[in-house]
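It should be emphasised that the depicted structure is a prediction, and the values quoted were computed from it without experimental measurement.
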Amino acid sequence: MVEPAGICPAAGPWKAACSITDVHRMPYFSRLILFLFCLMVLAESRKPRKRRWTGQLGASEPSHLYKKNPDMTKIRHGKPQPLLRVDDHDFTMRPAFGGPAIPVGVDVQVESLDSISEVDMDFTMTLYLRHYWKDERLAFPSASNKSMTFDGRLVKKIWVPDVFFVHSKRSFIHDTTTDNIMLRVFPDGQVLYSMRITVTAMCNMDFSHFPLDSQTCSLELESYAYTDEDLMLYWKNGDESLKTDEKISLSQFLIQKFHTTSRLAFYSSTGWYNRLYINFTLRRHIFFFLLQTYFPATLMVMLSWVSFWIDRRAVPARVSLGITTVLTMSTIITGVNASMPRVSYIKAVDIYLWVSFVFVFLSVLEYAAVNYLTTVQERKARKPQEKFPCMCGMLHSRTMTLDGSCSESEANSLAGYPRSHILTEEERQDKTGVHLALNNESSSSRKKGLLKGQVGLRIFQNTHAIDKYSRLIFPASYIFFNLIYWSVFA
């Protein structure tokens, strides 16, 4: 059977023959294009095929011998929907704006009480300040009812209470290694806002009993912009809202107690505000001031009493001792006042130091009085002796006294003189009768025994009556002053 010309069969031996015949019949240019196309198809078929990303797991059939867990870090997720829709609300307004005042609970944990300054009349405290309030704009759905915690970056985007410290001089939020701010949001919109702050605030101190004093200082918290009609500050758990570290201690003070109070504060131009108080009472340790102030002052006063036992004729010794004690007391008073504020009232330590200074100064004046009276007394005793010199001219036994008075035998020879010209016993009672025997060699041993026996009598007779009374009056008065002082101030 013969096929018609120009028609190639679909199969059979005639198909190959027909294709070869057609190729020979094609022009040269067409055969070249066909050849190049065949080469390109052959090259593409030999290249390794790359799988395109489909975004679906399980594109390849898992083996029944080994099933590999998918790597979740390589899974592409879409942009998550934010739970807190911060951009959908206007957080420049307080929660429930136009309605009742929003309650904001506060609690404080005192970390440390760093310093107390009497000169600047302030204190420095480090604390954790926490606020609690409810903002329904921050509510989010949660199946587990768990909260979300954020750092300080979210605080700038939402509304937070504008609490500040009244009467504060310096304050800052710690920022090492990052801002010490924590924000915790609960599904129902409850918010916990916590900060770590160091604040230096003013403390009105009363130094009338210093250093036997107790001081009460307060740290005051208040809203700066919102009155009590918009924001109600309160202690979240009453007195339990204030917690302190048991290790808090100060070098000069004993912390007696911490407690909280609250009241309203009125400003004539803006209105009423809720104000919270952190009150703490400090009692000063007295032992440091006993060693540095009271004991040295007491010793200086006692040292000034030593001059009462020194011979009144030892002018350099008694004067130098008095001046030394006065200057030392002045130095102690200056040193105490240098570390204290310049208050206009008298402190307890001032009373003690100035009374001690008066005692020291009186001891100097006491010697001035003794020296003056002694000079006057000696001058009076010297005048009659200059008018009537004693004539001790006996041949057998010549005796004379150091003060110009005559012996008993010579006194009898003056019986003819008027009584006004003779020294009486009262005028000679303060003189020492040390007689020097000048008769002969056999009386030399008697002279030595007389001098030794009357040394103690001379010292006693040279002591003025003022010194005798001062030895008792000064110590008794100072002891009486100390009893009254410590019973009143201690």
Please determine whether side chain to side chain contact (heavy atoms under 4.5 Å, CB included) holds for the pair Val358 and Trp354, giving the CA-CA distance in whole Å, both sets of side-chain angles, and the decisive distance to 0.1 Å. CA-CA 6 Å; Val358 169; Trp354 279 105; 5.5 Å; no
In this structure, which one of Asn237, Asn279, Asp239 forms a side-chain hydrogen bond (donor to acceptor under 3.5 Å, both in side chains) with Thr260?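 With Thr260 as partner, Asn237, Asn279, Asp239 yield a single side-chain hydrogen bond (donor to acceptor under 3.5 Å, both in side chains), made by Asp239.
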4.5 Å side-chain heavy-atom contact, [X] and [Y]:
X: Lys243; Y: Phe258; value: no
X: Ser112; Y: Met125; value: no
X: Leu127; Y: Thr198; value: no

[X] atom [atom1], neighbour heavy-atom count above 12 within 6.0 Å:
X: Tyr372; atom1: OH; answer: no
X: Met182; atom1: CE; answer: yes
X: Phe480; atom1: CZ; answer: no
X: Tyr345; atom1: OH; answer: yes
X: Leu373; atom1: CG; answer: yes
X: Tyr469; atom1: OH; answer: no

Please name all residues satisfying ring pair (Phe, Tyr, Trp, His ring centres under 6.0 Å) with Phe172, sequence neighbours left out, ordered by chain then number.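 Partners of Phe172 by the ring pair (Phe, Tyr, Trp, His ring centres under 6.0 Å) criterion, ordered by chain and then number, come out as His174.
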Taking all non-hydrogen atoms of both residues, which atom of Ile310 and which atom of Arg318 are closest, and how far apart? O-NH1, 3.3 Å
Can you list, pair by pair, the side-chain donor-acceptor contacts under 3.5 Å of residues 224-231, counting residues two or more places apart and other chains?
residue, atom, partner, partner atom, Å
Tyr226, OH, Trp159, NE1, 3.0
Thr227, OG1, Glu229, N, 3.4

For residues Asp114 and Thr126, is any side-chain donor paired with an opposing acceptor at under 3.5 Å?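 A donor-acceptor contact under 3.5 Å links the two side chains.
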Within this structure, what is the [atom1]-[atom2] distance for the pair [X] and [Y], rounded to the nearest 0.5 Å?
X: Leu242; Y: Leu276; atom1: CG; atom2: CG; answer: 11.0 Å
X: Tyr273; Y: Leu233; atom1: OH; atom2: CG; answer: 12.0 Å
X: Ser214; Y: Arg283; atom1: OG; atom2: CZ; answer: 4.0 Å
X: Ile173; Y: Met195; atom1: CD1; atom2: CE; answer: 5.0 Å
X: Met300; Y: Ser330; atom1: CE; atom2: OG; answer: 12.0 Å
X: Thr200; Y: Arg170; atom1: OG1; atom2: CZ; answer: 4.5 Å

In sequence, state the C-alpha distance, the side-chain angles, and the governing distance for Phe186 and Lys134, and then conclude on side chain to side chain contact (heavy atoms under 4.5 Å, CB included). CA-CA 9 Å; Phe186 294 86; Lys134 184 176 183 180; over 6 Å; no
[X] side-chain N/O to [Y] backbone N/O, donor-acceptor pair under 3.5 Å:
X: Arg130; Y: Leu192; value: no
X: Ser477; Y: Phe474; value: no
X: His285; Y: Phe253; value: yes
X: Arg312; Y: Asn371; value: no
X: Trp235; Y: Thr261; value: yes
X: Asn180; Y: Thr178; value: yes
X: Ser356; Y: Ala297; value: no

[X]: side chain to side chain donor-acceptor pair (under 3.5 Å) partners, not counting sequence neighbours:
X: Lys347; answer: Asp350
X: Thr293; answer: none
X: Asn337; answer: none
X: Thr328; answer: none

One pair to check against side-chain hydrogen bond (donor to acceptor under 3.5 Å, both in side chains): Tyr132 and Asp107. What are the steps and the verdict? CA-CA 9 Å; Tyr132 302 85; Asp107 69 33; 2.8 Å; yes
Could you give me the CA-CA distance, side-chain angles and deciding distance for Phe357 and Val355, then say whether side chain to side chain contact (heavy atoms under 4.5 Å, CB included) is met? CA-CA 5 Å; Phe357 182 84; Val355 170; over 6 Å; no
Tell me the salt bridge (charged side-chain N to carboxylate O under 4.0 Å, His left out) pairs involving residues 271-282, sequence neighbours left out?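 Qualifying pairs: Glu220-Arg275, Glu222-Arg275.
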Anything under 30° is parallel, anything over 60° is perpendicular, the rest tilted; go ahead and classify Phe289 against Phe210.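 Aromatic pair Phe289/Phe210 classed perpendicular.
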Salt bridge (Lys or Arg N to Asp or Glu O under 4.0 Å) for Lys247 and Asp245? Distances and angles first, verdict last. CA-CA 5 Å; Lys247 298 181 180 179; Asp245 193 345; over 6 Å; no
side-chain hydrogen bond (donor to acceptor under 3.5 Å, both in side chains) contacts touching residues 301-310 (sequence neighbours left out):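 Not a single pair qualifies under side-chain hydrogen bond (donor to acceptor under 3.5 Å, both in side chains).
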With a cut-off of under 6.0 Å to the ring centre and 45° to the axis, is Arg263 in cation-pi contact with Tyr277? yes
Only counting residues at least two apart or in another chain, list the ones meeting salt bridge (Lys or Arg N to Asp or Glu O under 4.0 Å) with Arg153.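 Salt bridge (Lys or Arg N to Asp or Glu O under 4.0 Å) check on Arg153 returns Asp151.
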Kindly list each side-chain donor-acceptor pair under 3.5 angstrom involving residues 481-490, sequence neighbours excluded, with atom names and distances?
residue, atom, partner, partner atom, Å
Asn482, OD1, Tyr352, OH, 3.0
Asn482, OD1, Trp486, NE1, 3.4
Asn482, ND2, Tyr478, O, 2.8
Tyr485, OH, Tyr294, OH, 2.8
Tyr485, OH, Ala348, O, 2.8
Ser487, OG, Leu483, O, 2.9
Ser487, OG, Ile484, O, 2.8

Would you mind writing out the side-chain donor-acceptor pairs for residues 115-123 within the sub-3.5 Å range, not counting sequence neighbours?
residue, atom, partner, partner atom, Å
Ser117, OG, Asp120, N, 3.2
Glu118, OE2, Arg284, NH1, 2.6
Asp122, OD2, Lys169, NZ, 3.2

Qualifying disulfide (SG to SG under 2.5 Å) pairs, either residue in residues 229-317, two or more places apart: none
When you look at Val199 and Thr124, which way does the side chain to side chain contact (heavy atoms under 4.5 Å, CB included) test go after all the steps? CA-CA 6 Å; Val199 56; Thr124 302; over 6 Å; no
Arg313 with Glu378: basic N within carboxylate O range, under 4.0 Å: yes
